[in-house]
Asker: 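Once you've had a glance at the structure underneath, I'll fire off some questions.
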Amino acid sequence: MMEKQQSTSQRKIKVVGTGPGAVEYITPIAKQAIEQADVVVGAKRLLEAFAVPGQQQLIVDKELLNVVTQMKNLQKLNNITVLVSGDTGIFSFANYLTKHFQAKELVFIPGISSVQVMFARLQRPWVEAQIISMHGRTEAGLVDIIQGAKVTAMVTGTPWTPQTIAKKLLDSLAMEIVACDWRVAIGKDLTYAHEQIINTTIGTLVDDKNDYSNSVMVIWNDSQ
């Protein structure tokens, strides 16, 4: 690990995007930031995958403010690296940190997001897609949000599985006819050896009994 020669005024917290899942997808600069840390902070699965022996580990759970308090206490004497899945800019703990640390205290190191991987698999551009996360989301306004864009990329999660999202769309009277044949692609377990890419439609997906947890869903609104 890096020797603690850095002054308090210069010490920064590095926030690292670790990529979509498989360790092969982490960037060299992100890997270096992790290896140089005295303290690594992140979800348990990220710590298990990327932390190195001898480092102090802080697990990010539901008590986010408690994690921030511990980081502030450790910051003066330690080099801290925070691990976030995917990219720092897409539905990330990184944004929460900007509310509790000054900009000069943070360095963001971007990573490859699962959304980027999904569009790469589809060999399609993603710059015009609206990107939303279903983690912790209510259904309020969901249909209008999807209906208002030509392409929507969704990071799905319980209880919002791809099938549940499809049913919600078809249950809307305004979309019952046009949405049935909307094209959908699902990327499950992206970058892992058992990765799957499924091409289907909203109408077919409603009755699909397969497990699509841990997936990215892309919906093309062909009525736009």
Side-chain angles (χ1 to χ4, degrees), residues 17-22 24-27 84-96 98 108-192 194-224:
T18 60
E24 294 85 358
Y25 279 76
I26 190 169
T27 63
V84 298
S85 61
D87 175 63
T88 53
I90 299 185
F91 310 114
S92 166
F93 179 53
N95 186 53
Y96 182 84
T98 64
F108 281 16
I109 299 176
I112 300 170
S113 74
S114 58
V115 172
Q116 288 173 285
V117 173
M118 181 60 178
F119 279 93
R121 297 292 188 264
L122 298 173
Q123 299 181 353
R124 299 285 296 272
W126 58 274
V127 291
E128 294 182 354
Q130 73 170 347
I131 303 171
I132 60 178
S133 173
M134 299 308 297
H135 293 279
R137 188 187 184 93
T138 67
E139 64 181 58
L142 178 62
V143 170
D144 290 338
I145 290 171
I146 297 174
Q147 192 173 19
K150 187 173 182 61
V151 184
T152 300
M154 313 175 76
V155 181
T156 66
T158 305
W160 289 103
T161 65
Q163 291 94 329
T164 303
I165 295 166
K167 186 176 187 305
K168 179 64 181 175
L169 291 174
L170 291 188
D171 283 347
S172 171
L173 293 177
M175 301 182 67
E176 186 172 2
I177 298 175
V178 295
C180 189
D181 293 326
W182 280 7
R183 293 171 294 129
V184 177
I186 299 169
K188 177 176 168 57
D189 298 323
L190 291 169
T191 74
Y192 292 103
H194 48 284
E195 170 185 294
Q196 297 179 60
I197 303 295
I198 299 95
N199 291 287
T200 183
T201 64
I202 289 293
T204 302
L205 183 57
V206 169
D207 298 317
D208 191 330
K209 305 302 182 185
N210 290 299
D211 176 13
Y212 294 136
S213 56
N214 189 30
S215 67
V216 174
M217 179 180 184
V218 179
I219 302 173
W220 285 271
N221 178 354
D222 292 323
S223 66
Q224 280 281 333

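These figures come from a predicted structure and were not determined experimentally.
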Asker: Nearest 0.5 angstrom please: Tyr25 OH to Gln116 CD, how far?
Answerer: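 Here the interatomic distance stands at 11.5 Å.
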Asker: Which heavy-atom pair separates Asp189 from Ser213 by the least distance, and what is that distance?
Answerer: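 So the minimum-distance heavy-atom pair works out to OD1-O, 4.4 Å.
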Asker: To the closest 0.5 Å, what do you measure between OG1 (Thr200) and OH (Tyr212)?
Answerer: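 Output value for this atom pair is 7.0 Å.
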Asker: Quick check against the 3.5 Å criterion: does Asp87 have a side-chain atom that pairs as donor or acceptor with the backbone of Gly111?
Answerer: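 Confirmed, Asp87 side chain pairs with Gly111 backbone.
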Asker: Asn210 and Gln163: which non-hydrogen atoms are nearest, and at how many Å?
Answerer: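 Scanning both residues completely, I find the closest heavy atoms to be O-NE2, 2.7 Å.
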Asker: Could you tell me whether the side chain of Ile219 reaches within less than 4.5 Å of the side chain of Arg183, counting heavy atoms only?
Answerer: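 Of all side-chain heavy-atom pairs linking Ile219 with Arg183, none is under 4.5 Å.
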Asker: Out of curiosity, Met134 CE to Ile165 CD1, how far, rounded to the nearest 0.5 Å?
Answerer: 4.5 Å
Asker: Is there a side-chain contact between Thr191 and Arg121, using heavy atoms and a 4.5 Å cut-off?
Answerer: yes
Asker: Is the backbone N or O of Thr201 less than 3.5 Å from a side-chain atom of Thr204, with the two atoms forming a donor-acceptor pair by type?
Answerer: no
Asker: Taking all non-hydrogen atoms of both residues, which atom of Val155 and which atom of His135 are closest, and how far apart?
Answerer: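 Shortest heavy-atom contact: CG1-NE2, 3.7 Å.
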Asker: Return each pair, listed once, that meets side chain to side chain donor-acceptor pair (under 3.5 Å) where at least one residue sits in residues 123-132; pairs must be two or more places apart or across chains.
Answerer: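 Sorted pair list: Gln130-Thr152.
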Asker: So how far is it from Thr98 OG1 to Asn95 CG, rounded to the nearest 0.5 Å?
Answerer: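 It comes to 4.5 Å.
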Asker: Who are the side-chain contact (heavy atoms from CB on, under 4.5 Å) partners of Ser114, not counting sequence neighbours?
Answerer: Pro20, Leu190, Val216
Asker: Whether the side chain of Thr18 engages the backbone of Val84 through a donor-acceptor N/O pair (distance < 3.5 Å, no angle test) should be reported.
Answerer: yes
Asker: Atom CD of Glu24 and atom OH of Tyr192: how far apart are they, to the nearest 0.5 Å?
Answerer: 10.0 Å
Asker: Kindly give the heavy-atom pair with the smallest separation between Val151 and Trp220, and that separation in Å.
Answerer: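 Where Val151 meets Trp220 most closely, the heavy atoms are CG2-CD1, 3.6 Å.
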Asker: Do you know the tightest heavy-atom contact between Ile146 and Met154?
Answerer: CD1-CE, 3.8 Å
Asker: Treating Lys188 as the side-chain partner and Glu195 as the backbone partner, does any N or O pair qualify as donor plus acceptor under 3.5 Å?
Answerer: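 It does not hold such a pair.
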Asker: Quick one: do the Thr156 and Ser215 side chains pair a donor with an acceptor below 3.5 Å?
Answerer: yes
Asker: Using 0.5 Å steps for rounding, measure from the CD1 atom of Ile202 to the CG atom of Asp181.
Answerer: 10.0 Å
Asker: What heavy-atom pair brings Ala153 and Phe119 nearest, and what distance separates the two atoms?
Answerer: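 Looking at all heavy atoms of both residues, the shortest contact is CB-CE1, 3.8 Å.
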